[in-house]
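A note on names: the letters A, B, ... follow the listed sequences, proteins ahead of strands, and every chain is numbered from 1. These numbers come from a predicted model, not from an experiment.
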2 protein chains.
Amino acid sequence: MDANAHINPPLKDVAPEDLAPEPKFMVKRRAVILSAASAFRRRGYHNTSMRDIGDILGLTKAALYYYVKNKEEILFECHLMAYDAMDDILKRPQAPDENGLSYLSGVFRDFVTLLTQSGVSILSDVDSLGGERQAQILARRNQIETAVMKAVTTGQTDGSIRAGDARLHVFFFMGALNWLNVWYDAKGRLKGEDIADHFTQQLQFGISR
Amino acid sequence: MDANAHINPPLKDVAPEDLAPEPKFMVKRRAVILSAASAFRRRGYHNTSMRDIGDILGLTKAALYYYVKNKEEILFECHLMAYDAMDDILKRPQAPDENGLSYLSGVFRDFVTLLTQSGVSILSDVDSLGGERQAQILARRNQIETAVMKAVTTGQTDGSIRAGDARLHVFFFMGALNWLNVWYDAKGRLKGEDIADHFTQQLQFGISR
DNA sequence: AATAAATTTGACTCAAGGTTCAATTTTTAT
DNA sequence: ATAAAAATTGAACCTTGAGTCAAATTTATT
């Protein structure tokens with residue numbers, strides 16, 4: 001029923017004056033999710049055990065269950081975290097004179113920066129989620145794809161983007177994003193900023209007219 | 001030791017005259033691999049049980065072990081199959097007057113066609129392979145990336161491809177390829193041929209100068 | 001038809017890893 | 001200092017799915 005009951009931090013007594021949202025619990029919970037996200041990205045969901053996740057933070061796997069209902073919930077939250085961040089990026093204010101291509105470039109650049117600078121990663125293993133959660137995540141992903149596609153058609157209307165099937169335009173450069181997620185190593189020689197520059201340029205040349 | 005001993009079809013007696021390689025066994029073995037590849041691509045390696053794989057061919061999971069040593073070997077062969085096909089494509093003869101961009105476009109188009117028309121799929125789960133096999137697959141992948149990068153630098157030398165970090169050029173459009181593998185549905189409205197056309201064009205615009 | 005080889009199966013074993021929980025340690029509040 | 005709440009743990013439990021194997025069935029051979 002109330003699948004999210006446990007995310008409420010255990011409060012001794014609901015002191016009405018102290019409305020500052022009790023951070024301790026949530027902060028550590030978020031740390032658990034982020035550690036897991038990083039491990040999932042590198043080794044994959046099923047190749048990462050609860051033990052592995054705990055080890056990163058110096059915890060026993062049993063301790064994780066104080067912050068999280070089960071492993072699947074961690075995966076779910078990883079997905080949510082990524083899509084929340086992407087939603088925020090899509091809210092970028094569009095200058096009235098800005099054309100579709102320019103807006104799209106900015107969004108894409110921010111996507112790349114998100115994946116290289118923050119610990120957030122796009123996970124592709126949506127099949128390991130059970131029915132309800134899986135549906136929710138697929139809906140979110142679809143919503144993002146739709147927003148990006150809309151930006152493309154806008155650009156096609158204002159003449160800044162080449163004609164052609166918008167979905168194919170989008171899938172092409174969104175693929176670059178997902179793949180980036182797989183090979184990018186924060187400690188490697190390629191710096192996030194450079195990748196963002198290069199990718200944004202390649203996106204522009206690829207679809208501008 | 002001889003990890004591949006079992007792929008030799010059980011021959012009653014090595015009749016020296018009959019050199020036509022006994023197909024029966026190998027044909028069905030290949031069918032097992034391909035069925036698994038398709039399931040792995042859609043649901044992921046760990047979300048696909050031996051039972052699932054057997055079901056596709058109307059077999060019991062126990063029967064699969066007649067054709068294959070273990071599940072990991074299936075994954076390994078899936079990877080090999082994809083990389084073998086990609087190696088073949090890279091062997092494409094290069095007309096003496098053909099520039100780097102043109103060669104690369106042809107290769108890329110064939111890659112797209114491979115993924116949409118044949119049952120072959122690029123699997124990304126290389127972490128589920130044990131040490132030796134994993135190393136082998138990573139080497140193969142690296143070898144292909146190197147070949148594609150070489151094509152890019154050739155194109156940069158002959159003036160057909162924009163300057164810039166060759167690795168970034170490559171990762172961008174190879175991402176499209178890997179992502180294609182995730183979303184493409186043979187029964188969907190997008191036809192493989194159209195995707196190949198569009199993607200090849202987007203590749204060209206993206207990196208030509 | 002009889003026999004041998006090839007193929008398939010049902011029933012079982014086994015290990016890995018996710019999950020639970022009562023008990024313990026650490027932190028916070030009085 | 002003491003008590004209550006929060007955080008963590010070790011040891012068990014349990015489910016899932018990979019892998020084994022002797023026996024049964026199907027296919028090829030003489």
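- For the pair A:L59 CG and C:dT26 C1', the computed distance is 13 Å after rounding to whole Å.
- When the P atom of D:dA6 is taken as reference, atom CE of A:M26 falls 15 Å away, rounded to whole Å.
- Of the listed nucleotides (C:dT27, D:dT8, C:dT8), C:dT8 has the atom at the smallest distance from the side chain of B:A63.
- Rounded to an integer number of Å, the gap from CD1 of A:I53 to P of C:dT19 is 10 Å.
- The number of heavy atoms from other shown groups lying within 6.0 Å of CZ (A:R92) is above 12.
- A:Y67 has its OH atom 13 Å from the C1' atom of D:dT9, to the nearest Å.
- A salt bridge (charged side-chain N to carboxylate O under 4.0 Å, His left out) with A:D52 holds for exactly one of A:K71, A:R43, A:K61; it is A:R43.
- A distance of 14.5 Å separates OH in A:Y67 from CD1 in A:I53, rounded to the nearest 0.5 Å.
- A ring-centre distance under 6.0 Å is not found for B:F205 and A:F205.
- Per the geometry, NZ belonging to B:K24 stands 16 Å off P belonging to C:dA5, to the nearest Å.
- A side-chain N or O of A:H46 and one of A:S128 form a donor-acceptor pair less than 3.5 Å apart.
- Aromatic pair A:Y66/A:F25: centroids less than 6.0 angstrom apart.
- A:L64 has its CG atom 16 Å from the C1' atom of C:dC21, to the nearest Å.
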I'd like a table of atom pairs between the protein and nucleotides 17-20 of chain D - only N or O on both sides, under 3.5 Å - with the distance next to each one.
| unit_1 | atom_1 | unit_2 | atom_2 | d |
| --- | --- | --- | --- | --- |
| D:dA18 | OP1 | B:K71 | NZ | 3.0 |
| D:dA18 | OP2 | B:M50 | N | 2.9 |
| D:dA18 | N7 | B:K61 | NZ | 2.8 |
| D:dG19 | OP2 | B:Y65 | OH | 3.0 |
| D:dG19 | OP2 | B:K71 | N | 2.8 |
| D:dG19 | O6 | B:K61 | NZ | 2.9 |

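- In this structure, CG of B:D55 is placed 14 Å from C1' of C:dT8, rounded to the nearest angstrom.
- Between A:F25 atom CZ and D:dA5 atom P there is a gap of 17 Å when expressed in whole angstrom units.
- A sub-4.0 Å separation between OP1 or OP2 of C:dT8 and a side-chain N or O of B:Y66 is absent.
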